[in-house]
Amino acid sequence: MDHGTERDAPPGRGAGPRTVSGDLMAGRVPLAVVVVDRDGLVSHWSRGARRLFALPKEEAIGRPAPDLLPVSGVLPGTDDAGDHDSHADCDGLGPDLESSLGGGLSYPAAGRARLTVPDDDRVDVLWWAYPLVGPGPERLLVLAADADALSREHAPENAGRGATATTVERIAPGFALHTDFPGADELARRLPEILPSMSVGESARIVAQVLELGYPVLEFSQNDRVPVTPDWGVPRRAERRARRERAARALAAGEPVPDDLRDEAEDLEYAAVRERLEFLNEVSGRIGTSLDLSRTIVEVSRAVVPRFTDVAGTYLREQIVAGEGFPDGVPDATTMWHRVALEHTDEPGRWDDVVPVGEAMPFPAHTPFFQCMTSGEPVLVPRITEEMGHAIASQFEKRDIRPLITGRSMLLVPLKARTVVLGFMILLRHPERPVFNDMDRVTGAELAARAGLVLDNARMYTYQENVAETLQDSMLPHIPARMVGCDISTRYLPGTLLGRVGGDWFDAVKLPGARTALVVGDVMGHGLNSAAMMGQLRTAVQTMAGLDLPPAQLLRNLDDLAQRLGDTYLATCLYAVYDPIAGELNLANAGHIPPVLVRAADGGSELIDLPTGAPIGVGGVPFEAVRVPVAPGDRLVMCTDGLVEVRGEDIGIGLATLCESAAHPAASMDDACDTIIRALGTRGGRKDDVALLMARLSGIDTDAVAEWRLARDPAEVGRARAAVREQLHDWGLGKLADATELMVSELVTNAVRHAHARPVELRLVRADTLLCEVDDDDHELPALRGAGPADETGRGLRVVSTLAREWGASRTKAGKTVWFELTLPRR
């Protein structure tokens with residue numbers, strides 16, 4: 001502040017040439033500049049202050065400011081600008097300047113006072129007080145000027161001396177500065193003369209800012225800040241800000257608002273309501289963008305940090321996280337709450353070890369958390385005390401959570417839908433941030449209500465999806481990797497659409513004669529209903545396959561069944577029967593994509609040409625079957641259209657890729673399926689679910705099959721036992737002869753006893769197991785039943801059930817087949 005230019009002082013007290021370096025100049029009138037530190041001591045005393053107050057700098061620095069400014073009071077804005085004698089002439093500070101120095105006024109402040117100087121006349125002074133901002137201990141800047149000197153400078157003969165003089169002219173008479181005065185360019189040019197460290201360009205920017213905003217503090221070089229005369233013609237911004245702050249404190253404390261602050265209070269309340277409505281609208285737009293529960297949880301947590309809170313922890317009932325239902329009624333102290341999200345503005349990792357996401361815990365009845373979850377209402381804790389922090393921390397074993405929560409403001413808001421509490425959010429604010437108040441409680445409750453509905457929608461969708469997936473998984477069979485004459489491998493991929501649970505299925509059914517039925521189907525649509533429809537059709541296929549219906553007849557019956565179930569759903573189905581002894585496939589198609597046959601001889605692949613047929617459920621359309629010869633080692637690939645069909649792409653491209661990838665050499669069946677999935681299942685745009693079944697058709701050599709036709713004569717039972725024993729010895733399976741002979745005796749006896757007209761057929765098949773089948777023309781299936789000590793019948797099937805690895809009975813077109821399997825001995 002010691003930069004300046006030597007000028008001649010105007011006439012007045014202390015007339016004669018004077019050096020004014022170090023003073024701010026208003027035209028040619030010197031200003032006294034005094035800086036007061038935070039302790040009320042003078043830290044700067046300009047040359048103008050030395051002349052105006054007649055006190056050397058050495059005696060002023062470090063002394064209390066009230067002792068050095070001998071003025072007596074005239075209130076700011078008094079109209080008595082000329083009659084000095086009318087003011088009190090007691091020594092000491094004027095009340096406003098004293099209040100200003102003591103921090104009791106709102107800044108900027110200004111006034112007029114009478115100055116008493118020993119051995120001199122009493123003169124009037126104009127003073128301004130400004131807060132200082134920026135680095136350093138200084139608190140207040142006081143400017144003072146001789147009112148008489150200003151008046152003389154304001155005389156008409158001095159008009160037009162420049163912008164700075166014009167500014168003072170407008171300040172002095174009524175303390176009014178009009179920001180639209182002419183001469184801004186001149187003022188910008190003259191500022192560097194007062195502050196030599198300032199450039200002309202910087203000066204122009206500062207002047208433009210002052211004239212536009214009417215604000216008293218200007219920023220300039222070297223991080224210093226210097227005041228410029230405020231706009232006294234309109235309500236001062238600092239005063240208005242102080243009034244708003246007083247009104248805000250009254251509202252926050254719930255105290256009555258003084259009448260003079262009622263307008264500010266109403267403005268604050270309106271602004272607060274508008275801000276919270278904008279916040280809630282913004283949050284509503286950011287949450288619920290999907291029905292994925294995990295994504296919704298993250299959206300809700302991130303929507304409130306950091307604008308509304310600094311920490312947001314979200315807890316949900318454990319059953320919701322697991323996708324399960326939960327009992328009705330109010331939660332209790334045994335209810336487990338799963339921490340599903342935690343967002344905060346603290347340094348990374350500070351919360352992770354103490355309150356990790358994924359932890360489940362109950363909350364005791366004495367905690368505010370229990371109060372929130374049982375009442376369904378927000379709970380406000382203005383500050384978490386040491387005692388409460390200790391009570392909360394006691395729930396966390398071997399972890400001290402107190403440093404994270406003590407001293408913070410806490411708001412608990414329930415997440416509920418239709419009066420059911422799904423969870424709650426713990427909101428914490430840093431100690432230096434304003435505490436949560438009643439308006440925040442209302443805002444938090446509204447936020448939680450909206451978030452609760454979004455979470456409930458996601459929860460119900462997730463629950464329905466989990467039910468559908470569980471239903472679908474339960475209906476998808478666990479097919480053994482090895483069946484008679486073939487190896488099987490399967491894959492299922494859920495769809496990527498919302499409601500991705502679909503109606504795709506596959507199956508493999510053991511048929512009489514060592515045959516296997518291979519099935520792939522697709523119910524059109526997605527969701528729980530599609531999965532349920534798929535289960536009905538799959539069960540029907542298994543049942544009709546057990547009747548050994550020809551493929552075309554089976555699809556005909558399936559279509560009739562779909563018609564009886566309703567016309568809401570359609571389905572496609574591909575049904576194939578593999579006969580490993582005859583070496584052929586018998587296939588029928590109901591609107592499904594054709595299968596691929598990979599030939600073992602040359603490694604080539606082709607789509608099997610089948611009559612397409614209409615989907616199941618259309619009704620009235622005939623189905624045709626095709627027989628295709630196959631060789632041992634050939635592979636059959638059956639899949640649903642979700643694997644080969646991509647929106648916007650010709651399905652022929654997918655089918656060609658399927659043929660190519662199916663023919664790719666692979667070390668195992670699983671590797672072969674994975675190759676197909678990599679080639680087709682990861683393409684962009686796939687939305688539907690996928691079912692894939694691959695069967696390697698190993699075949700059975702004729703040398704591994706032995707068959708006999710037996711007359712309906714009890715004497716044939718002995719011949720059957722002898723033939724079986726001899727055949728097993730020829731195959732090197734003598735260890736199985738006794739058990740097999742006993743079970744064959746029981747089955748042939750029953751068949752001979754119940755057959756009507758046709759001979760009984762006995763067949764042995766040596767494959768991965770030893771399979772024995774007995775056929776007759778009676779359609780009634782045998783069943784296990786208890787037999788008393790005196791009963792002569794009823795023990796045969798119990799013997800078979802005890803000795804066989806697996807046994808069963810199925811109806812055929814001609815009657816029935818009863819069969820059993822034995823595990824081959826290790827060689």
State, without any angle test, whether [X] and [Y] hold a side-chain donor-acceptor pair at a distance under 3.5 Å.
X	Y	answer
D504	Y492	no
Q553	N557	yes
T572	D522	no

Which is it for V520 and C573 under the side-chain contact (heavy atoms from CB on, under 4.5 Å) test, yes or no, and what are the steps along the way? CA-CA 6 Å; V520 170; C573 184; over 6 Å; no
Just checking [X]: does its [atom1] atom have more than 12 heavy atoms from other residues, nucleotides or ligands closer to it than 6.0 angstrom?
X	atom1	result
D609	CG	no
Q542	CD	yes
E624	CD	no
E726	CD	no

Between [Y] and [X], is there a side-chain heavy-atom distance shorter than 4.5 Å?
X	Y	answer
V596	I608	no
V744	C772	yes
L733	R766	yes
L555	P551	no
L574	P595	yes

Counting N and O atoms only, with roles assigned by atom type, does the side chain of [X] sit under 3.5 Å from a partner on the main chain of [Y], one being a donor and the other an acceptor?
X	Y	result
T490	L692	no
S661	L658	yes
S801	L797	no
R515	I581	no
E773	W819	no
H338	G358	yes
D777	A755	no
D713	A715	yes

- Query: Roughly how far, to the nearest 0.5 Å, is CD1 of I593 from CG of L607?
  - Reply: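 So the CG of L607 and the CD1 of I593 are separated by 8.5 Å.
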Straight-line distance of F623 CZ to L558 CG, nearest 0.5 Å
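It comes to 8.0 Å.
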Could you check whether [X] pairs with [Y] (Lys NZ or Arg NE/NH1/NH2 to Asp/Glu carboxylate O, under 4.0 Å)?
X	Y	value
R599	D634	yes
R491	D674	yes
R758	D776	no
D548	R811	no
K510	E806	yes

Go through the steps to decide whether V760 and E716 satisfy the test side-chain contact (heavy atoms from CB on, under 4.5 Å), and finish with yes or no.
CA-CA 10 Å; V760 174; E716 293 286 80; over 6 Å; no
Quick check: closest heavy atoms across [X] and [Y], and the distance to 0.1 Å?
X	Y	answer
G513	R763	CA-NH1, 3.7 Å
P580	G485	CB-CA, 3.9 Å
D775	T817	OD1-OG1, 2.6 Å
L518	A695	CD1-CB, 3.8 Å

Requested in this report: Begin with the C-alpha distance, continue with both residues' side-chain angles, and end with the deciding distance and a verdict on side-chain contact (heavy atoms from CB on, under 4.5 Å) for L822 and T769.
Outcome: CA-CA 6 Å; L822 290 173; T769 61; over 6 Å; no
Let me see the working for N586 and Y575 under side-chain contact (heavy atoms from CB on, under 4.5 Å), right down to the final yes or no. CA-CA 8 Å; N586 191 7; Y575 185 84; over 6 Å; no
Please determine if R538 forms a cation-pi arrangement with W505, meaning its NZ or CZ atom is less than 6.0 Å from the six-membered ring centre and no more than 45° off the ring axis.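 Judged by the rule (NZ or CZ under 6.0 Å from the ring centre, within 45° of its axis), R538 is not positioned above W505.
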